[in-house]
> 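After the structure tokens below, expect a handful of questions from me.
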Amino acid sequence: MNNNIPGLKINETDFKSPNGKIGKIAVLLYTGSGEPSKILDFAVQQYVGTKPYYELIDAHLDNPWMRVIISDHLNELSQEDFDITKHKLEA
């Protein structure tokens, strides 16, 4: 029995909230020949099960081959006001 979906890749990483809980961020990428939204809908359902989560998709809906899943522990991360001189993607 093969549990893989041809053309579907996943990148996963953990993050630790200030209260010590471990959350996950996963990026699902599909490069197969099937309908990407159907494949990714199925993959997300299998990945999250019954756990609460956030799902991010392309805002312009022109990249149906990628989904970003973040566990519900996102709400437990510390927040601060955005500072354009401090908060940058690159250090």
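Along the sequence shown, residues carry numbers from 1.
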> Taking atom OG of S37 and atom CH2 of W65, what is their separation to the nearest 0.5 Å?
10.5 Å
> Show the nearest heavy-atom pair for residues H87 and F82, with the distance to one decimal.
CB-CE1, 3.5 Å
> To the closest 0.5 Å, what do you measure between NZ (K16) and CD1 (I22)?
5.5 Å
> So does T85 get a backbone contact from the side chain of D83, meaning a donor-acceptor N/O pair under 3.5 Å?
yes
> Could you list the residues that satisfy side chain to side chain donor-acceptor pair (under 3.5 Å) with Y30, not counting sequence neighbours?
none
> Could you pull out all residues at least two apart from K51 that satisfy salt bridge (Lys or Arg N to Asp or Glu O under 4.0 Å)?
none
> Got a second to check how far N11's CG is from L28's CG, nearest 0.5 Å?
8.5 Å
> Does some side-chain heavy atom of P52 sit less than 4.5 Å from a side-chain heavy atom of H73?
no
> For G23 and S71, work out which heavy atoms get closest and say how close.
CA-OG, 3.2 Å
> Can you list everything that forms a side chain to side chain contact (heavy atoms under 4.5 Å, CB included) with S17? Sequence neighbours excluded, please.
N19, K21, E76, L77
> Mind checking whether E12 and Y47 have side chains closer than 4.5 Å, heavy atoms only?
yes
> Does a sphere of radius 6.0 Å around OH in Y54 hold more than 12 heavy atoms from other residues, nucleotides or ligands, not counting ones at 6.0 Å or beyond?
yes
> Calculate, to the nearest 0.5 Å, the distance between atoms CG and CG belonging to L8 and L29 respectively.
8.0 Å
> Of all heavy-atom pairs between L40 and M66, which one has the smallest distance, and what is that distance?
CD1-N, 3.7 Å
